[in-house]
K.L.:
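Take this structure first; my questions come after.
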Number of protein chains: 2
Amino acid sequence: MDGILSHLVERLDQLRTQDDFEAFLRNAAEEMGFDMFAYAGGRLAEDRVTARTVFQRPPITMSSFPDDWLTHYANEGYFKDDYVVVQSLRAILPDQWHAERGVREIRPRQAQIMREAIDAGLRRGFFVPIHGPANDFGLLNVICNEAEGEFSKIVERYRHEVHVLAVHFHDAVQKRLPASAGRGARLQLTERESEILRWTAVGKTSWEISEILHIAERTVNFHVANTMRKLGVYSRTHAVAKSISLGLTRL
Amino acid sequence: MDGILSHLVERLDQLRTQDDFEAFLRNAAEEMGFDMFAYAGGRLAEDRVTARTVFQRPPITMSSFPDDWLTHYANEGYFKDDYVVVQSLRAILPDQWHAERGVREIRPRQAQIMREAIDAGLRRGFFVPIHGPANDFGLLNVICNEAEGEFSKIVERYRHEVHVLAVHFHDAVQKRLPASAGRGARLQLTERESEILRWTAVGKTSWEISEILHIAERTVNFHVANTMRKLGVYSRTHAVAKSISLGLTRL
DNA sequence: GGGCTCCCTGTCAGAACTGACAGCTAGTTG
DNA sequence: CAACTAGCTGTCAGTTCTGACAGGGAGCCC
């Protein structure tokens, strides 16, 4: 991974603003022969209403997709059904997609999205899922509308570069850009609260925890209540699930 | 990422047994100029007794470390304090470590482990954390005891290759080797059970879920009870936490 | 000293959960 | 058809949780 990649990764350190990062991505994609790119990264959580996996807060996004496609995509809530997204949430490795060829086991809704994507000028591409600790998640999608043969060559040539670059890019963006720290970051559990929450997560009752920690059962409930208040939830089960999704508790 | 890497990644597809994978890793490490290697991969969970992050079941491990060091390491439970491990659990990006130089913010126990590592012939190395969906986790550590200058050159030269290789390797191992599927794999929740568990995870009470799904509250409790039985736990909180850690439920 | 955070403890009423008893329908498979 | 699975429903006793009422001390910073 000589020339291009090392150079790109080093340049990442100098980027400061979202515009810097976006320009960087634009250049990188272009250099490798891709037509468009889209990145989204943030922290995952379970939606309160639909109980599906979504970003906790709006993710940091950068893309060169056509504006009307982005608007349409957002309005229709395509994110949760998009084949590329669904795959990325499940897979570790990057892969390619072809809107025209379709994919085995595709659902009608996904096929619909892909058809509309073609109209928006997104024919085929290569996507990189990025998974980090504590529900940290990112997705880079680079598009190349060349004929399939040409596309394959480019992917073959650059897939590892794009892979590494995506991971470094995501890490830099999430560490550097303030939006990702944002509002939720202030929330902090005390030492005792985390400790009790961890025990709760492994099924201990308040009484059992009080025995383990040599404190009163009432005190355990006190800390649990404070934790629930901080997290804005009304049951310890939800508190455990939410603190996991916020990265406050590890399984 | 031309020559060596593409070739290696393609070869991964042909490996079948644990010995295949281990030999593969040995060759790859050697080709790049590393002296030793160690890989561990599996699914993370919270320890029942200590409430710390550990592998759910013994991870798949492969290494060329000296046997007595591995034994000592296992006996002393170094895994949970090892600097490389702790870092990997938190970070997305690969990094290097130097036992002699130490590290800022290192705890006494970690320093102790590093000193002993030197005696075992592990002076410095490069580690790659691998995070996947649903607490999937792996760690590749390659050692190079050359002088620091030489070491830096090798790392500089190969870090991206090692990075990509580690991710592909982990994915292949966890998909291919049966030990990772193993005992826990049989466990399956029905559609209804998962659905109700997801609602439980976002703090809904049995009654609320019964309203949402238009079924009796009793039925909700029935499914929750079945889920708990399958997971071998005695509270819904634990069931939610465990199903998340098993990858049965996403946040 | 006053204000702050963290940790600790008590009681009590009402809501929620847990595990036991019980039995029903519908669909699949050998 | 028998056996199985998935889903559904009822009651009831006992346990656990939740949120409200209280109160205590130790340590830190201005």
Side-chain angles (χ1 to χ4, degrees), chain A residues 46 48-51 183-246 248-249, chain B residues 46 48 50-51 184-246 248-249:
Chain A
E46 183 109 312
R48 293 288 186 70
V49 182
T50 62
R183 285 163 302 181
R186 242 170 318 137
L187 192 146
Q188 256 201 334
L189 299 183
T190 68
E191 194 51 38
R192 212 46 157 174
E193 286 164 355
S194 310
E195 190 177 17
I196 288 176
L197 200 62
R198 284 201 302 277
W199 285 115
T200 303
V202 290
K204 304 296 182 193
T205 65
S206 295
W207 180 84
E208 289 171 327
I209 298 173
S210 76
E211 290 291 300
I212 293 169
L213 301 180
H214 305 294
I215 55 178
E217 181 176 351
R218 176 63 189 86
T219 307
V220 175
N221 285 328
F222 167 79
H223 289 300
V224 171
N226 287 337
T227 302
M228 290 194 294
R229 190 179 37 73
K230 283 184 180 177
L231 293 169
V233 302
Y234 304 94
S235 85
R236 35 185 91 190
T237 302
H238 195 182
V240 165
K242 186 161 185 178
S243 87
I244 292 170
S245 83
L246 288 172
L248 301 171
T249 299
Chain B
E46 183 109 314
R48 292 287 186 71
T50 62
R186 243 170 317 140
L187 192 146
Q188 258 200 335
L189 299 183
T190 67
E191 194 51 38
R192 211 47 157 174
E193 286 163 355
S194 311
E195 190 177 19
I196 288 176
L197 201 61
R198 283 199 303 276
W199 285 115
T200 302
V202 290
K204 304 297 182 195
T205 65
S206 294
W207 180 83
E208 289 171 326
I209 298 172
S210 77
E211 290 292 301
I212 292 167
L213 301 180
H214 304 293
I215 55 179
E217 181 177 350
R218 175 64 188 89
T219 306
V220 175
N221 286 327
F222 167 78
H223 289 299
V224 171
N226 288 337
T227 302
M228 291 194 292
R229 191 178 37 71
K230 283 184 180 177
L231 293 169
V233 301
Y234 305 95
S235 86
R236 36 184 91 189
T237 301
H238 195 181
V240 166
K242 187 161 183 176
S243 89
I244 292 170
S245 82
L246 287 171
L248 301 171
T249 298

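Basis for what follows: all heavy atoms, side chains included, without hydrogens, waters or symmetry-related copies. Throughout, protein chains are lettered first and strands after them, A, B, ... in sequence-line order, and every chain is numbered starting at 1.
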K.L.:
Polar-atom pairs under 3.5 Å, protein N or O versus N or O of nucleotides 25-28 of chain C: list them with distances, or write none.
P.N.:
none

K.L.:
If you assign Ser235(B) and Glu193(A) each to the DNA chain C nucleotide with the nearest heavy atom, which residue ends up on the more 5' nucleotide?
P.N.:
Glu193(A)
K.L.:
Which residues in residues 207-225 of chain B have a heavy atom closer than 4.0 Å to any atom of DNA chain C?
P.N.:
Arg218(B), Asn221(B)
K.L.:
Among dG7(D), dC17(C), dC17(D), which is the nearest nucleotide to the side chain of Ser206(A)?
P.N.:
dC17(D)
K.L.:
Can you pull out how bent the helix from dG1(C)-dC30(D) to dG30(C)-dC1(D) is, comparing the axes over its first five and last five pairs, to 10°?
P.N.:
50°
K.L.:
In chain order, what residues pass the side-chain hydrogen bond (donor to acceptor under 3.5 Å, both in side chains) check against Thr200(A), with sequence neighbours excluded?
P.N.:
none
K.L.:
Is any side-chain heavy atom of Leu189(A) closer than 4.5 Å to one of Leu197(A)?
P.N.:
yes
K.L.:
Under 3.5 Å, is there a donor-acceptor pair between the side chain of Lys242(B) and the main chain of Val233(B)?
P.N.:
no
K.L.:
May I have all residue pairs that pass side chain to side chain donor-acceptor pair (under 3.5 Å) and include part of residues 209-223 of chain B, sequence neighbours excluded?
P.N.:
Ser206(B)-Asn221(B), Asn221(B)-Arg236(B)
K.L.:
Report the residues that fulfil side chain to side chain contact (heavy atoms under 4.5 Å, CB included) with Leu213(A), sequence neighbours left out, ordered by chain and then residue number.
P.N.:
Arg192(A), Glu195(A), Ile196(A), Trp199(A), Ile209(A), Ile215(A)
K.L.:
Nearest of dC7(C), dA6(D), dC8(D) to any side-chain atom of Arg192(A)?
P.N.:
dC7(C)
K.L.:
If the cut-off is 4.0 Å, is Thr205(A) near the phosphate of dT15(D), judged by side-chain N/O to OP1 or OP2?
P.N.:
no
K.L.:
Could you check whether any side-chain heavy atom of Thr205(A) comes within less than 4.5 Å of a side-chain heavy atom of Ser235(B), counting everything from C-beta outward?
P.N.:
no
